[in-house]
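Inspection log for the structure reproduced underneath, given as structure tokens.
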Amino acid sequence: MTTFVEEKRENPFAIAQQQFDIAADILNLDPGMRDILRVPQRELTVRFPVTMDDGSVRVFTGYRVHHNITRGPAKGGIRYHPAVDIDEVRALAMWMSWKCALVNIPYGGAKGGVVVDPKQLTMHELEHMTRRFASEISLLIGPEKDIPAPDVGTNAQVMAWIMDTISMHRGYTVPAVVTGKPIDVFGSLGRMDATGRGVSITAREAAKHVGLKFDEATVVVQGFGNVGSASAALISKMGAKVIAVSDVSGAYYHPRGLDIPAMLQYATQNKSLHGYQAPGLELLSNAELLELDCDILVPAALENQITAANAERIKARIIVEGANGPTTPAADEVLFDRGVFIVPDILANAGGVTVSYFEWVQGLQEFFWSEEEINERLERIMVRSFNGVLEIALNQRVPLRTAAYLVAVKRVADATLIRGIYP
Ligand code: GLU
């Protein structure tokens, strides 16, 4: 489970704060405003027992952090992973605030997590752990105040259990309490692929900008979970050649291109790509995959993958961050100097939360849209956000990440200023 994570990873929250500071300096943000936005507003830590299938009791630790709720209800996923800790959840919550502000949807930023390897639990244990965690964080969550969604290690089924648990507490069905639900229980068409779709749209726009023909581009995708697999599938459908993908079992490389639909089917049947075979396929490590010769690299796994240790050796011209926090600030500097065009996480992977917003709106109105309508609206928001960020990056000669932060942080700061400080 830890193959994507470096032994001694940099603290993601310290990284999130560094990224914020760069924008705060350029915006010349008032010191008080800086202090408000630099730290999460609320943090809940829960420790809760679950009866395991063998009758023993195991105590789990989980978190729900609200970074900022000035622009609307707190929004962000729930992660199940053994490396979850409070600083990771803080960073992810802060990134959600900027992400929602950047694409201009009316949400604040939140994130949750449980320290667990979900693959080690039976279905029954996973359900019980999820329901108990949902009860513990029900202090915070609700359609009008905090709306969780899937993240690493969670999926639509987990969301259905959370929705059901909160609905049981209230005595009626509350569809809008989570997003990323199965279609059968008020999920939204297009949500499954939404993050990958956003990644593929921003990859296409980035290619256009650097003068790279998308249908001649070679693409490498790190991670084959919800984001990585949908990104790979949509990117190859759009005509680019996906030459390598990876998951926890390692990386799979074919210079002439991979059969992504076949790999998707294999991964669904076998729960990972472990053992996947095809003629001419080369097996590599995740570290080797990142350094492959390609036009576009899509890190879609975890944080801290592209660091000062490997940034010099990255050969891609474009990096599209499907994951949250895959590139450290030190690597950002190296890559900017080398002319690598990075579409930052808060822009590249914002398609997920954007369609989450559509799902929430549909749930509140109990009126559902067609997949076409969803994809069209998503496309419009992604292209508009990309172009807005690109324009600032070009005008101010700053990396796209900084430009994205300038837009997002300013939106949150302006809203805070207009609302004023209570009391
Ligand atoms: N976990 C996803 C993210 O990091 C989606 C969050 C959401 O839809 O609320 O953006």
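Being a predicted model, the structure only gives us computed values, none of them experimental. Counting starts at 1 for both ligands and their atoms, in listed order.
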Could you find the nearest protein heavy atom to [atom] and give me its residue, atom name and distance?
atom: atom 7 (C) of ligand 1; answer: A149 CB, 3.3 Å
atom: atom 9 (O) of ligand 1; answer: K75 NZ, 2.8 Å
atom: atom 8 (O) of ligand 1; answer: S356 OG, 2.6 Å

- [ ] Just let me know how T195 lines up against ligand 1, side chain, backbone, both or neither, with a heavy-atom cut-off below 4.0 Å.
- [x]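 None of T195 does.
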
Open item on the list: The criterion is side chain to side chain contact (heavy atoms under 4.5 Å, CB included); which residues satisfy it with A206, sequence neighbours excluded?
Closed with: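 Per chain and number, A206 pairs via side chain to side chain contact (heavy atoms under 4.5 Å, CB included) with I318, F341, V343, F386.
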
Open item on the list: Is the shortest side-chain heavy-atom distance between V199 and V221 below 4.5 Å?
Closed with: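 Not touching, per the 4.5 Å side-chain cut-off.
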
Check [Y] with [X], please: is the shortest side-chain N to carboxylate O separation under 4.0 Å?
X: R401; Y: E321; value: yes
X: R411; Y: D414; value: no
X: K99; Y: D345; value: no

Task: P150 N/O under 3.5 Å from ligand 1 N/O - done: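 Between P150 and ligand 1, an N or O pair is found under 3.5 Å apart.
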
- [ ] Indicate yes or no: does an N/O atom of N349 lie under 3.5 Å from an N/O atom of ligand 1?
- [x]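 N/O-N/O distance under 3.5 Å: no.
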
Open item on the list: Quick check on M192: does its CE atom have over 12 non-hydrogen neighbours (other residues, nucleotides or ligands) under 6.0 Å away?
Closed with: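 Open.
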
Under a 4.0 angstrom heavy-atom cut-off, which atoms of ligand 1 come close to [X]?
X: M96; result: 3 (C), 4 (O), 6 (C), 10 (O)
X: K111; result: 1 (N), 3 (C), 4 (O)
X: G76; result: 9 (O)

Open item on the list: For atom 3 (C) of ligand 1, tell me which residue out of K99, R79, R191 has the closest non-hydrogen atom.
Closed with: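 Closest candidate by heavy-atom distance is K99.
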
Open item on the list: Before you tell me yes or no, could you show the steps for R191 and S356 under side-chain hydrogen bond (donor to acceptor under 3.5 Å, both in side chains), namely the whole-Å CA-CA distance, both residues' side-chain angles and the distance that decides it to 0.1 Å?
Closed with: CA-CA 7 Å; R191 176 62 184 87; S356 274; 2.9 Å; yes

